[in-house]
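Here, residue 1 is the first one in the sequence, and each next residue gets the next number.
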Amino acid sequence: MATTPAPHPQAPPKPTWDPRDPVRPLLRPTIRIRLTLLYGGMFLIAGILLLSIIYLFTAQALGDSAAQLPFKIVKGEVQPTTSWCQLPNTGTGDQFNDAVSVCLRHQSDLALDDLLRRSLFALLGLSIIAFAFGYAMAGRVLSPLGRITRTARQVAGSDLARRIELDGPDDELKELADTFDEMLERLERAFTAQQRFVANASHELRTPLAINRTLLEIHVSDPEAPVALQQLGKTLLATNERSEQLVEGLLLLARSDNQIIERKPVDLAEVASRAIDQTHAEAVAKGVEIRRELGPAVVQGNGVLLERIALNLLQNAVRYNVPDDGWVEVTTDTEHGQAVLVISNTGPVVPAYEIDNLFEPFRRLRQERTGSDKGVGLGLSIARSVARAHGGRIIAEPREGGGLVMRVTLPI
């Protein structure tokens, strides 16, 4: 009698809080609180200084007014001391009181105007000082962001061993720096594991293919072997060679995805010339003319990988060409602070919407993973990967009348 399997116990619900997140104090010195205290305190100090200066100016103005009155009493008569205070020589008491009130009101207006003018100058000076101190304080508080940015730029050059190691209060910036350091640690481990895998795969994949090639060459070279066996051996040799090319291309693609750490001066003209020499025999066999116009274009990079760019592009330009009167033109030069390698060729018409697909692994024009003898479909992928590793790029454009124009730009 069949028994019903017991239901699996349900997993406990996930907590809504992160258990790895430590409990933080309520009065944590966050960057918001620090900026609030700094700018609030600065404004408070500036206000106190401004009020103190206004108080001193007002006291001085009122003291000067009290020290020098606009009139004086002479034997029961009022005699003005300024030209703007006009008092009657004779008159009733009300008339004298009105005249004195006018003089005092006018002197108060003069004192207030002087106070306003001085206060405006003081406010302007304090504003300049406040902005200067505010700029300096903001730069000091936000200086860790500049440190994080500089470290990120250094890491972009494949220096994964760099760390921020920010010291200071436990605020948002230190939390960001620590998180960035943890991410760099994981990235370094991942890249190290990838390099180790590529090295191991290079040995494990090449060895059996080399053994197969040796055994097949021995059997094919045996004069007593049947013709059918020799033909099968040649077919297997071609298949084995294709597998070796595929393995080499995949390993090179994996290695070239990283940035180049050790760089040396490399002239693209020399790189292109060596690639032309290696492709010359194949071009002659296919009836393709190779034209060159090589100007000096020195970049910092790896010469072997840069030669691979030129070689892959040249091989594609020769192999995917027209059967009659085909040509390939290679030029190198410097433009706008960049080294430029341009390879244009005749060939079949390439639709613009298929340009991006050509740079994908194992893809060719109107076909994928085919058994063509023109390659394994990794040439342009490797070229683009190497160009990116050197901080450059490759742009492909359809040529009018058929063919492509490949433009490689690299920083000098």
*State, yes or no, whether a side-chain contact exists between P265 and Q300 at a heavy-atom distance under 4.5 Å.*
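Heavy-atom side-chain distance check passes, below 4.5 Å.
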
*Find out whether P398 and V349 are in side-chain contact, i.e. whether some heavy atom of one side chain is under 4.5 Å from a heavy atom of the other.*
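Heavy-atom side-chain distance check fails, nothing below 4.5 Å.
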
Between atom [atom1] of [X] and atom [atom2] of [Y], what is the distance when rounded to the nearest 0.5 Å?
X    : Y    : atom1 : atom2 : answer
E175 : F180 : CD    : CZ    : 15.0 Å
T279 : L313 : OG1   : CG    : 10.0 Å
I276 : L311 : CD1   : CG    : 11.0 Å
L404 : N316 : CG    : CG    : 9.0 Å
L410 : I309 : CG    : CD1   : 6.0 Å

Show which side-chain atoms of residues 214-234 pair as donor or acceptor with protein atoms under 3.5 Å away, not counting sequence neighbours.
from: T214; atom 1: OG1; to: A210; atom 2: O; distance (Å): 2.9
from: S221; atom 1: OG; to: E217; atom 2: O; distance (Å): 2.9
from: S221; atom 1: OG; to: I218; atom 2: O; distance (Å): 2.9
from: D222; atom 1: OD1; to: E224; atom 2: N; distance (Å): 3.2
from: Q230; atom 1: NE2; to: D222; atom 2: O; distance (Å): 3.0

*Would you check if the side chain of N240 reaches a backbone N or O of L236 as a donor-acceptor pair within less than 3.5 Å?*
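Side chain of N240 to backbone of L236: no pair is present.
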
*Just by distance, do the side chain of N321 and the backbone of T346 share a donor-acceptor pair under 3.5 Å?*
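Yes, the answer is positive, given that a donor and an acceptor are paired below the 3.5 Å cut-off.
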
Counterpart residues, side chain to side chain donor-acceptor pair (under 3.5 Å), relative to [X] (two or more places apart):
X    : value
R274 : E307
R407 : E335
R399 : none
E185 : R163

*Should L268 and V408 be marked as a side-chain contact (heavy atoms from CB on, under 4.5 Å) after you check the CA-CA gap, both sets of side-chain angles, and the distance that decides it?*
CA-CA 10 Å; L268 288 185; V408 183; over 6 Å; no

Donor-acceptor contacts, no H, no angles, side chain residues 322-333, under 3.5 Å, sequence neighbours left out:
from: T332; atom 1: OG1; to: G295; atom 2: N; distance (Å): 3.0
from: T332; atom 1: OG1; to: G295; atom 2: O; distance (Å): 2.8

*Within 6.0 angstrom of R393 CZ, more than 12 heavy atoms from elsewhere*: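 No, not enclosed.
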
*Output, in order, the C-alpha distance, side-chain angles, deciding distance and verdict of side-chain contact (heavy atoms from CB on, under 4.5 Å) for N312 and R308.*
CA-CA 6 Å; N312 287 357; R308 174 66 65 172; 3.3 Å; yes

_Working for side-chain contact (heavy atoms from CB on, under 4.5 Å), residues V299 and H390_ = CA-CA 9 Å; V299 299; H390 285 80; 5.9 Å; no

